[in-house]
Amino acid sequence: MWRFALVRTGQLLVTLFLASVAVFLVIEHAPGDPAQVQLGLSATPAEIAVERRKLGLDASVMHRYVVWLGQALHLDLGRSFATGLPVTRTIVTAFGYTLRLDVLAIVLGIALGLPLGIAAALRRGSRLDAGISAFAALGLSVPVFAMGTLLILVFAVHFKVMPAAGAGVPGQSVLSSLRYLVLPAATLAIPFAAVLARYLRVELGEAMEQPYVLTARSLGLRRRTVVVNAWRNAMIPTITVMGIQVGRLLAGAIITETVFSYPGIGYLTVQSIQSLDYPVVEGVLLLGAAVFLLVMFVVDVVIGFASPRMRIEGA
Amino acid sequence: MAAGTETVLDVENLRVSSGARGERRVLVRGVSLTVGRRRTVALVGESGSGKTLTGLALMGLTPAGTAVAAERLLVGGVDLTRMSEPEFARVRGRRIAMVFQNPMEALNPVLRVGHQFSQVLTRNLGVSRSDARDRARELLDSVGVSDARRRLGQYPFEMSGGMLQRMMIALALAAEPDLLVADEPTTALDTTLQAQVMALLAERREDVGMGMVLVSHDLGLVAEYADEVNVMYAGRVVERAPTREMFASPVHPYTLALLRTVREIASPGTDRLSSIPGSPPPLDDPGSGCAFAPRCSFATAECTAVVPELKGVAEGHDVACVRSER
Amino acid sequence: MQARRDELPPSVDVRDLVVQFRVRAPGVGPRVVVRAVDGVSLRVGRGATVGLVGESGSGKSTFGRALLRLAPASGGSVRIEGEDVLGAGHRELRALRQRAQMVFQNPIGSLNTRMRVGRIVREPLDIQRIGDRVSRRARVRELLDQVGLPRDAEGRYPHELSGGQQQRIALARALASAPSLIICDEPVAALDVSIQAQVLEVLKDVQRATGVSYLFISHDLNVVRHLAHETYVMYLGGVVEHGPSASVFASPRHPYTRGLVAATPVADPERARRSPLLRGEIPSPMEVPPGCRFHTRCPFAEERCREEAPVLGETGDGGRVACHFWRELPREDPRAAPTRGGA
Amino acid sequence: MSAVPVSVRDATGPTVTVPRWWRGLSWRALVGAGGVAAFLVAAVLAGAVSPYSPDALAIGSRLEGPSAAHLLGTDQLGRDVLTRILYGLRPSLESGFAAIMMAAVVGVALGLPSGYFGSLVDTVVTRVLDLLVAWPAVFLALAIVLLLGTGELQVIVAIGLAEVPVFSRLVRSIAMVAARSDHVVAARAAGASSLRIMLRHVLPFVVTPLVVQFAIAAPQALVAEASLNYLGLGTHPPAPSLGAMVSEGQSFLAYAAGPIVFPILVIVALVVSLTLLADGLQDRLDPRSRIGAR
């Protein structure tokens, strides 16, 4: 198992490295000259050339990548073209907001999806199952931006019980900052819960049809014990799916934060791309890949320890 | 049934059907069995004969969407026909238990074997967890598993099929049930293990003092280990007799043909095997009259007209064939 | 006819075949070399049926596949009708594969369920470019006849037919390129007894009509004894006994063969109940015991068995056995051997 | 030749009549299929049905509620909402379909040899795909937009690329199982080439799961398309698209909900129809139904 974790760590590092190359190349080939962007349209070619040298744009691609990576590893991603603030600080601030949002969304999603999925699996074919399945299908069918917009329409515009946008002011009370989180978190949590419920329904339902369940019943075990035993089997694949969903929250956050003008990473990403703020774009893309890969890594390792077969025999 | 033995299973006219009320399809069509203590009664038949379904029906474990009915279903004198599922669950593992065909799939793959023993023993014997551990070791010893402590700490996938089947037998017999349903207990195992496991089952049957229903497709196995044989075809018992009688003087054309084929394959001198033409009908559609008639070399018009009843031809020997009625 | 057959090279002649896999086990651990087949020699004469018996894990199926290079041989030689298989190039191998074919255990699994029966049987002809459209069609009809399938089976899909019929399709496909040898890997194990007999009869009929030879791989001693003229017994990758089927099964010499025979059920309640002569289970091929590979389960094992591997030696009556002490072992019927089983 | 007795029952065998394809499809699947068909027709006939041009401005009648003249009202620029929805369906359906088609084709091309040959081919393909999977789909789309600018084609490529790993892995897993199955061994024993085996003995087994996966991916692709348009990365204004309509209308939410609510309802209805169809197909074609989760 430790060997597996080691191999998996190696894979993570290789993929991260390749991802950094990809990010660098994307920015490298993106239209628009950073020097031009920096100086504005009125700059003369001579001024641009000077600026290019200053930005280190005249060196070879390899050289610039190595320099860039070196700086990135020291958490130095340069300064934002738009605000002039260090990219790292901008990203850390935004990430803090996103983290708050995602954690709440995950908690809500699990709290909703887990019981629904289990209930549907254990009452397969019943009306309850049909209802839960319908909810899950609908939760998955409504795009995140539509869900967010509808929630704003109902709770902010119509009932005026929740703020429609932003994250409030710095230094506000926890309660009032939570108010800003509720709608975007719900927007993210509903599809999360829907996927979880649907998946669990299938996995637990399948586990309940395995021969070992028949054996357990033949030995007179209580239904509750039988279900819990089956559930331990169903949890392993479910953890994987939940991990993927957590990784996807970041993507969901891009849209949700745009809908709610919430100052997190997603909002920052869209803003920086629209304003061709390349240092920030580089930063968020790198962070996106790193977080996503890290989540998947953690999931794999957790699975490794949760599944006895993996723990004892390795992959 | 030999006189004087106590009856542990008494089932009368057991039927299993599936499907919704409108289009109910009958799968097992009236099986009656009596099993005495320390006796083994075999249900033999080919795939699709309904023998496994009959075994599951005794346990109240038929698949979802099926219904079981019986005039009488007594295990150790307890009537199981009117039991609710929680009540039935308390009977399973205590009065009636089962061993399945594939030991590799029978135990939960993510739980240590010891944990699974503990669950069963605390439930069925009412012992504490620590006592359960000691009991588990004794039980493993009784099924010939050495090194019990290490084994209990392992997961099922770390063990061979033969080992797992021993574990399964230990679990099933933990509460010394009145009746064990053994559904093809050695089919998934290699020949040399078959002999070991069957010997173990026979030995445990004596020690525990239970009756056994042996579900099998293997006439050889049945010849050696059963006291009475019930031959099943298309959801019915077509012939029932004490084992020696069955193998010495079978009456039903299906039993006759099956035995002849098995013996011819086993004897190297046979030039041409007398095979039964065709293949068995689907369980839910046995055709009209005797289900075996289309493959039977003695079949007459009468055979496709009426379903023959099981009738006695000798002491303890019943046959469902119009020919035997004359 | 018989004389001419003897002059021809045998259908298959295998010398010291070794098949090993590099297995990463357990899991991400170091790679281990597993010798699934460890120096097996075997010969199938023209028109003969040779049985190969053993339990799961004995390497018998791997051996069968290696003959057609469907499993990687790493030593020894295989000659089909005298021609080298292991050294053959792509083109020669394709031609050689016409002369030896396979039939598998699970009939439906060995058939492409998305093809109609006619096309399945015709495919070897298409691949090997044998004959033209018209003659291939005629040949398919002939083959279906030969294995006792009705004419209308041609247009059906395999799942529309019964297990016995599916196995006939597999046999017809194997026969299409008129091979000299068919490797039958547990061809009746998945079938009910009444169907088994049908398929066995078809196998015999086909042999009579075409002179094809069979390597019949099976765990079922009764079936092998019925069909095979001579039998090889394999244990953990090696042959432990070989001889005419009649003598191998009637008077087995090797303790393992004795155990197998003793463990085979007989449909006769008057015979003494068999007792488990062999202890325990077959070890993992990753952990083949040193010395005689069978010594861990042998009721007669002695010190020498743990250290020195016995060679397959002549018994003097046409058989061969790989056991140090086969001469000294008690001679009574193995069925009566009173050994208590245990793990 | 045939000396084997063949009985009546054996000759006929258990007959299985191949059902007409829709038999066994649930009512839900039929509703889904009906919905999808209706939207397709609406998109194709947009010009014939609507009296307005999707871009026709009418400054005098902005943000009007539903009326006889404008069944679903007008937007902030006075354009007819129904007309824009009908026209907006086109890029959604086109891009969605094209993206999945691309994913399926690339997925088969990568997954089939990857699963069949295993070893080195498999390792290389898996590594490449890992890189694609390293980003959530939207990030991938952002990177592509960054490289190629906004537009419908970019949206197709972005969604397609994001879906490639799903298809490739699916095909790979099936090919892996098939490559080890006895019927492939039998074909190899008969001397068939790898290409022949892949095309005749492996590919046919991929088709059904591929159709199911196609159906599962369709609503996802549609959602992705709408989302990218919502972010302003797709069609260029004033060309109508459902996602863009929502984002454009959001500023006027306080004054009129129609220009937002109606496109959302249409998207949801379309996605639900596709999902129902997918579920139905899955139940019908794949008895061991699973959710295509990535």
Side-chain angles (χ1 to χ4, degrees), chain A residues 11 14-16 18-19 22-23 25-27 29-31 133 137-138 140-147 149-150 152-153 156-158 164 195 198-199 201-203 206 237 240-241 244-245 247-252 254-255 258-259 266 269-270 273-274 276 278 281 284-285 288-289 292-293 296, chain D residues 28 127-128 130-149 162 219-220 222-233 242-243 246-247 249-250 253-255 257 260-261 263-265 267-276 279 288-291 293-294:
Chain A
Q11 276 176 11
V14 170
T15 317
L16 267 179
L18 290 176
V23 167
L25 288 179
V26 164
I27 301 296
H29 289 90
S133 297
L138 209 63
L140 282 174
S141 296
V142 182
V144 171
F145 71 87
M147 179 75 74
T149 312
L150 289 178
I152 291 177
L153 191 64
V157 176
H158 191 76
V195 170
R198 268 181 72 137
Y199 203 82
R201 170 180 180 267
V202 172
E203 283 300 327
E206 251 169 36
T240 312
V241 170
I244 293 169
Q245 286 305 111
R248 275 184 175 184
L249 277 182
L250 216 61
I254 291 185
I255 296 163
T258 305
V259 172
T269 307
V270 175
I273 285 180
Q274 276 168 1
L276 296 182
Y278 289 130
V281 173
V284 292
L285 284 183
F292 191 72
L293 287 173
M296 297 322 295
Chain D
R28 288 193 302 172
R127 283 284 152 267
V128 171
D130 272 356
L131 206 59
L132 275 184
V133 181
W135 280 280
V138 179
F139 272 65
L140 209 62
L142 291 176
I144 285 165
V145 166
L146 211 56
L147 276 177
L148 306 174
Q220 291 172 359
L222 216 76
V223 168
E225 191 271 349
S227 303
L228 292 180
N229 272 308
Y230 174 83
L231 293 177
L233 305 176
L242 299 174
V246 176
S247 82
Q250 208 174 338
L253 202 54
Y255 311 104
I260 288 183
V261 171
I264 287 179
L265 287 181
I267 295 171
V268 171
L270 183 51
V271 172
V272 167
S273 302
L274 284 166
T275 308
L276 287 176
D279 281 358
R288 231 186 80 91
S289 31
R290 284 185 152 269
I291 299 160
R294 182 155 58 97

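A note on names: the letters A, B, ... follow the listed sequences, proteins ahead of strands, and every chain is numbered from 1.
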Examine whether an atom of D:V272 lies under 4.5 Å from a heavy atom of chain A, and if so say whether it belongs to the side chain, the backbone or both; otherwise answer neither.
both

What residues form a side-chain hydrogen bond (donor to acceptor under 3.5 Å, both in side chains) with A:S133, not counting sequence neighbours?
A:D129

The side chain to side chain contact (heavy atoms under 4.5 Å, CB included) partner of A:L153 among D:V261, D:I264, D:I260 is D:V261

When rounded to the nearest 0.5 angstrom, what distance separates CG in D:N229 from CZ in A:F145?
8.5 Å

OG1 of A:T149 to OH of D:Y230: how many Å apart, nearest 0.5 Å?
4.5 Å

Straight-line distance of A:I254 CD1 to D:L228 CG, nearest 0.5 Å
9.5 Å

side-chain contact (heavy atoms from CB on, under 4.5 Å) involving D:V223 - partner list, sequence neighbours excluded
A:P143, D:S227, D:V271

Atom CD1 in D:I267, atom OG in A:S141: separation rounded to 0.5 Å?
11.5 Å

Which one wins on heavy-atom pair count under 4.5 Å against chain D: A:L16, A:I255, A:L25, A:V14?
A:I255

So which part of A:V259 gets closer than 4.5 Å to some heavy atom of chain D, the side chain, the backbone, both or neither?
both

When the 4.5 angstrom heavy-atom criterion is applied to A:V142 and chain D, the contacting part is both

